[in-house]
K.L.:
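Below you will find the structure I want to go over with you.
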Amino acid sequence: MKLINALAVLSILMEGMLKSSDAFSTGVQFSMNKAFVITDYSTTKSHTAAARRISPSWPHRCGGYDRWNGKGVNNLGTTALSSTATISDDGSDSDSNESSTEQSILSATCNLIKGGVGSGVLSLPAGVAALGDFPKAVVPAISLIFILGGISAYTFNLLGRLTAVVNNEVDTDKGDESNNTSSSPKVTSIGDLWDYEVGPSTSYLVTLAVMLTCFGTSLSYSIILGDTFQSLAKTAGLSGIWTTRRFNVAAVAILAAYPLSCLKSLAAIAPVSIVGVVGIFVTCIVMTLRALPGGAYSSTTAAAIAAAAGGGGGSVATKNYLSSLSAECIPSFGVVGMRSPRSFLILSSMAATAFLVHMSGPEFYNTLRRPSLARFGILSGLGFGAVASISAYIMSVGFLTFGGACRGMILNNYSTLDGGATLCRLLMGVSLLGSYAFLGQAMKKAYYHIFHRGQEVSDKMHIRTTRGFVGVLTGLALLVEDAGFVVSVTGAVLGSALIYITPSYLFLRSTKR
């Protein structure tokens, strides 16, 4: 009954969020698609507006796959992102193109939170388990999350400062940054900043980083989807091959991931992003209820079941949940103790994926209503503060429920008989399928930019590339079973590069001028 009441309150809150426009449901994902786009600045070193000209193909840089022009940039004139509406400061919707590209601080903060809080946070409890299986392990883990969140907010703010500087330099009307209304094109991606500050000769590095980030994230999604639908099949009462992990990985790839990745326009599946937001909030509620003292997976319940099994008598109403878990999923505390401090590296690598929205930093600045360094600083603080808080909460609740037994995907710890966990799996599964398509779009665009730059991408090449990526991802997902491992590697290698190294390097290059 508590869960039903909580969901009712949640539905009221989500009703207001749904009014925030399609930009809320598509902006961050589409901005990832644009992260690889490299502007064709002139090769001169003078940073004047005359010497640094924006490519005329700039207005055609987002939206679903259609055709690519000779520079490897999407040539779709009317885009899903540019035609969406955003919620205004007074709550009213606006459908004009001019207003649709602007966001209030509130709506931009929601977009930033949605981009940061995804399925990756469900791997964080396993990161704490790598530190040890004492409940006190959450204290240094929470501290680490907020420290990394603060650093990430700072580097994200650096991208906004760089965008403001570059926009003023490429704009022929060099006005005040907060009142600049010129129609001149703006820097829209971290790739554009790299091209401006470093040069186009090494711009492929940013493109490659984006492609590999999308690849690693898609691989973790493939693993999670296989586990999710395997659990759902068991809940539905199926048996045999239907409940094997490999069958579900292959079935999801053939029946869902591949068809969605072949879509030429992703506007139709944009609403699934809202499902992801709902899924995260529902998961928080369910995990909290399950972690309460005397709950289905609490340590007190586990002790009561052990006493009953040892002949102590009595019964426990929730014993079916624990009795249906495999041995490695049973809550475990105080068995191993605290591990080496080097285990912090595992958690920090996982946490990097929760703050990986820097590829969209310039676009956040450009779309912010009345953009200024002060307003962008507020956005950075609010957005990353909220992401850190939500991540720390899910991480703590999950770890305090299962301790050292936390799996790479925390929902895998919960019983297939648990109705609340089943609802969470279903919502996250639908969300990941939609996100899979968005990531596939971005990954293919980056691939075309690196290996087929200057060529027109035909439908045949598009289908062949899609088959190749989905095939490789599915093959790896069949071999690798730990989503937490993939998340940690992706965060350690690529997340760290895009969050900490690239913005700092670009800022240092800028200060030399």
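Being a predicted model, the structure only gives us computed values, none of them experimental.
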K.L.:
Which residues satisfy the side chain to side chain contact (heavy atoms under 4.5 Å, CB included) test with I147, sequence neighbours excluded?
P.N.:
I151
K.L.:
For the CZ atom of R407 and the CD atom of E481, what is their distance to the nearest 0.5 Å?
P.N.:
8.5 Å
K.L.:
Please tabulate, one pair per line, all N/O donor-acceptor pairs under 3.5 Å involving side-chain atoms of residues 465-479, not counting sequence neighbours.
P.N.:
from	atom 1	to	atom 2	distance (Å)
T465	OG1	M461	O	2.8
T466	OG1	K444	NZ	2.9
T466	OG1	H462	O	2.8
R467	NE	Y258	OH	3.0
T474	OG1	V470	O	2.7

K.L.:
Considering all heavy atoms of both residues, which atom of S218 and which atom of L439 are nearest to each other, and what is their separation?
P.N.:
OG-CB, 3.5 Å
K.L.:
Start with the C-alpha gap between T213 and L498, add the side-chain angles, then the distance that decides, and say whether side chain to side chain contact (heavy atoms under 4.5 Å, CB included) holds.
P.N.:
CA-CA 9 Å; T213 299; L498 292 172; 3.6 Å; yes
K.L.:
Who pairs with R245 by side-chain hydrogen bond (donor to acceptor under 3.5 Å, both in side chains), at least two apart in sequence or on another chain?
P.N.:
D227
K.L.:
If you apply the rule side chain to side chain contact (heavy atoms under 4.5 Å, CB included), what do you find for V206 with M359, and how did you get there?
P.N.:
CA-CA 10 Å; V206 178; M359 293 178 289; over 6 Å; no
K.L.:
Looking just at side-chain N and O atoms, do H358 and T502 make a donor-acceptor pair shorter than 3.5 Å?
P.N.:
no
K.L.:
With F247, which residues qualify under ring-ring contact (aromatic ring centres under 6.0 Å, His included), at least two apart?
P.N.:
W242
K.L.:
Taking all heavy atoms of G398 and all of C406, pick out the closest pair and write down the distance.
P.N.:
O-SG, 3.7 Å
K.L.:
Give me the atom names and distance for the closest heavy-atom approach of T155 to S504.
P.N.:
CG2-OG, 4.1 Å
K.L.:
Mind checking side chain to side chain contact (heavy atoms under 4.5 Å, CB included) for L208 and listing every partner two or more places apart, or none if nothing turns up?
P.N.:
M211, L212, I450
K.L.:
Determine, stepwise, if the pair V198 / Y505 fulfils side chain to side chain contact (heavy atoms under 4.5 Å, CB included).
P.N.:
CA-CA 9 Å; V198 182; Y505 178 68; 3.7 Å; yes
K.L.:
Taking side chain to side chain contact (heavy atoms under 4.5 Å, CB included) as the definition, give me every residue that meets it alongside T163, ordered by chain and number, with sequence neighbours left out.
P.N.:
N167, L193, P362, Y365, N366
K.L.:
How far apart are the closest heavy atoms of A253 and P259, and which atoms are they?
P.N.:
O-CD, 4.2 Å
K.L.:
With rounding to the nearest 0.5 angstrom, report the CG to CE distance, L225 to M409.
P.N.:
8.5 Å
K.L.:
What's the spacing between I190 CD1 and E197 CD if we round to 0.5 Å?
P.N.:
11.5 Å
K.L.:
Applying side-chain hydrogen bond (donor to acceptor under 3.5 Å, both in side chains), name anything that partners Y500, two or more places apart in sequence or on another chain.
P.N.:
none
K.L.:
Taking R375 for the side chain and R369 for the main chain, is one N or O donor matched with an acceptor at less than 3.5 Å?
P.N.:
yes
K.L.:
Nearest heavy-atom pair of L347 and L124: which atoms, and what distance?
P.N.:
CD1-O, 3.9 Å
K.L.:
For the pair T109 (side chain) and L379 (backbone), establish whether a donor and an acceptor sit closer than 3.5 Å, ignoring hydrogens and angles.
P.N.:
no
K.L.:
Taking C-beta and beyond as the side chain, do M395 and I142 meet within less than 4.5 Å on heavy atoms?
P.N.:
yes
K.L.:
What residues, two or more places apart in sequence or in another chain, satisfy side chain to side chain contact (heavy atoms under 4.5 Å, CB included) together with T228?
P.N.:
I224, L232, R425
K.L.:
Do C214 and V210 make a side-chain contact, defined as non-hydrogen atoms from C-beta onward lying under 4.5 Å apart?
P.N.:
yes
K.L.:
So F156 and F384, ring pair (Phe, Tyr, Trp, His ring centres under 6.0 Å) or not? Walk me through it.
P.N.:
CA-CA 9 Å; F156 185 79; F384 281 91; 5.2 Å; yes
K.L.:
Once rounded to the nearest 0.5 Å, what's the spacing between atom CG of N412 and atom CG of L122?
P.N.:
9.5 Å
K.L.:
Ignoring hydrogens and geometry beyond distance, is a side-chain donor-acceptor pair present between S220 and T217 at under 3.5 Å?
P.N.:
no
K.L.:
Is the closest side-chain heavy-atom distance between L356 and T490 below 4.5 Å?
P.N.:
no
K.L.:
Looking at residues at least two apart in the chain, or sitting in another chain, which of them share a ring-ring contact (aromatic ring centres under 6.0 Å, His included) with Y154?
P.N.:
none
K.L.:
Measure the spacing between CG of L148 and CE of M350 and express it to the nearest 0.5 Å.
P.N.:
13.5 Å
K.L.:
List for me each residue that meets ring-ring contact (aromatic ring centres under 6.0 Å, His included) alongside F229, sequence neighbours excluded, and say none if there are none.
P.N.:
none
K.L.:
Check the angle between the aromatic planes of H452 and Y448 and answer parallel, tilted or perpendicular using the 30° and 60° thresholds.
P.N.:
perpendicular
K.L.:
Check side-chain hydrogen bond (donor to acceptor under 3.5 Å, both in side chains) between T202 and all other residues, then give those that pass, not counting sequence neighbours.
P.N.:
W194
K.L.:
Treating S488 as the side-chain partner and F485 as the backbone partner, does any N or O pair qualify as donor plus acceptor under 3.5 Å?
P.N.:
yes
K.L.:
Rounded to the nearest 0.5 Å, what separates atom CG in L112 from atom CG in L382?
P.N.:
9.5 Å
K.L.:
Just by distance, do the side chain of S107 and the backbone of S104 share a donor-acceptor pair under 3.5 Å?
P.N.:
yes
K.L.:
Between S348 and L345 (side chain of the first, backbone of the second, donor and acceptor by atom type, cut-off under 3.5 Å), is there such a pair?
P.N.:
yes
K.L.:
Sequence neighbours excluded, which residues qualify as ring-ring contact (aromatic ring centres under 6.0 Å, His included) partners of F146?
P.N.:
none
K.L.:
Answer whether the closest heavy-atom distance between the side chains of I145 and F355 falls below 4.5 Å.
P.N.:
yes
K.L.:
List the atom of A130, the atom of I346, and the distance in Å for their closest heavy-atom pair.
P.N.:
CB-CD1, 3.9 Å
K.L.:
Under the side chain to side chain contact (heavy atoms under 4.5 Å, CB included) rule, what do I394 and C284 come out as? Steps first, then yes or no, please.
P.N.:
CA-CA 6 Å; I394 292 178; C284 286; 3.5 Å; yes
